[in-house]
Amino acid sequence: MNAVLAGVDPDDEMAAIERWGDYLGQTLSFPFEAKVVEMLFERGPIRYGDRLRVLGINIVDDSYGVLADVKRGRKSYVYPFCDLETVDDESSNHDPLQLYTVWFANR
């Protein structure tokens, strides 16, 4: 985490989220399969345990962090990376996504 956030003012949360967005965009291999492991809202089309195809980064947001473009079936959505986990624990995407999720939960 320290390497990702090197040079970012610790009090500038938006700069940190933007840095994470850059890091994930450069580090993750898209597309990949992920599952929903956290839910911010109980209502909506996406549920806990759903499998999603992560297509890329959509935007960074000060409330929800780095947001992903995802598909479930033929429908497209925008969903927070912090609520996702790779389906394949051996994937090269697993550790970077897990690192971001831990950071986001403890920010």
Side-chain angles (χ1 to χ4, degrees):
M1 282 184 232
N2 292 335
V4 173
L5 297 173
V8 175
D9 180 349
D11 296 324
D12 189 347
E13 190 169 293
M14 192 60 197
I17 293 170
E18 288 172 349
R19 177 68 61 87
W20 277 107
D22 292 342
Y23 169 76
L24 293 174
Q26 295 169 7
T27 306
L28 298 177
S29 297
F30 298 102
F32 66 93
E33 299 297 317
K35 60 187 170 189
V36 177
V37 293
E38 294 288 331
M39 295 277 315
L40 183 60
F41 302 109
E42 298 269 333
R43 291 190 260 171
I46 297 176
R47 301 276 185 236
Y48 179 86
D50 280 355
R51 289 176 66 131
L52 306 173
R53 186 159 183 80
V54 181
L55 305 175
I57 292 175
N58 179 283
I59 195 168
V60 294
D61 179 83
D62 59 344
S63 296
Y64 302 107
V66 183
L67 300 175
D69 286 320
V70 301
K71 285 192 99 163
R72 191 186 76 207
R74 295 190 311 183
K75 296 203 176 197
S76 297
Y77 304 94
V78 176
Y79 205 76
F81 271 100
C82 63
D83 293 344
L84 300 174
E85 181 177 284
T86 59
V87 170
D88 178 5
D89 292 347
E90 301 299 318
S91 163
S92 62
N93 291 336
H94 180 77
D95 289 346
L97 183 56
Q98 188 70 23
L99 193 65
Y100 169 71
T101 300
V102 170
W103 174 81
F104 191 83
N106 293 292
R107 63 188 170 105

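Of the inter-residue distances, the one linking Met1 atom CE with Trp20 atom CH2 reads 6.0 Å to the nearest 0.5 angstrom. Note: Leu28 CG to Phe81 CZ = 5.5 Å, rounded to the nearest 0.5 Å. We find the CG-CZ distance between Leu24 and Arg19 to be 12.5 Å, quoted to the nearest 0.5 Å. Between the CD1 atom of Ile17 and the CG atom of Asp22 there is a distance of 12.5 Å, given to the nearest 0.5 Å. To the nearest 0.5 Å, the span separating CG on Asp50 from CG on Asp83 amounts to 12.0 Å.
Other residues, nucleotides and ligands contribute over 12 non-hydrogen atoms within 6.0 Å of the CZ atom of Phe30.
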For this session: Assess whether side chain to side chain contact (heavy atoms under 4.5 Å, CB included) is satisfied between Trp103 and Val4, documenting all intermediate values.
Result: CA-CA 11 Å; Trp103 174 81; Val4 173; over 6 Å; no
Problem set entry | Candidate pair Arg47 and Val36, rule side chain to side chain contact (heavy atoms under 4.5 Å, CB included), full reasoning | CA-CA 7 Å; Arg47 301 276 185 236; Val36 177; over 6 Å; no
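At a threshold of 4.5 Å between side-chain heavy atoms, the hydrophobic network of Ile, Leu, Val, Met, Phe, Trp and Tyr places Val87 and Leu99 in two separate groups. In the hydrophobic clustering of this structure, Val102 groups with Tyr23; members are Ile, Leu, Val, Met, Phe, Trp, Tyr whose side-chain heavy atoms approach within less than 4.5 Å, directly or through other members.
The side-chain contact (heavy atoms from CB on, under 4.5 Å) search around Phe104 returns Cys82, Tyr100, Arg107, not counting sequence neighbours. In this view, Asp69 and Leu55, Asn58, Val78 satisfy the side-chain contact (heavy atoms from CB on, under 4.5 Å) rule, not counting sequence neighbours.
Among all heavy-atom pairs drawn from Lys35 and Gly49, the shortest one is CB-O, 4.5 Å. Leu84 and Tyr79 get closest at one heavy-atom pair: CD2-CD2, 3.8 Å. Closest heavy-atom contact between Arg72 and Leu52: CB-CD2, 3.7 Å. Smallest separation of non-hydrogen atoms from Ser29 and Asn93: N-OD1, 2.8 Å.
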Contacts table for residues 59-66: side-chain donor-acceptor under 3.5 angstrom, sequence neighbours left out:
{"from": "Asp61", "atom 1": "OD2", "to": "Ser63", "atom 2": "N", "distance (Å)": "2.8"}
{"from": "Asp61", "atom 1": "OD2", "to": "Tyr64", "atom 2": "N", "distance (Å)": "2.9"}

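Residues Pro45 and Tyr77 are in side-chain contact: their nearest non-hydrogen atoms beyond the backbone lie under 4.5 Å apart. Between Pro31 and Val54, every side-chain heavy-atom pair lies at or beyond the 4.5 Å cut-off.
Only one option out of His94, Gln98, Glu33 pairs with Thr86 in a side-chain hydrogen bond (donor to acceptor under 3.5 Å, both in side chains); it is His94.
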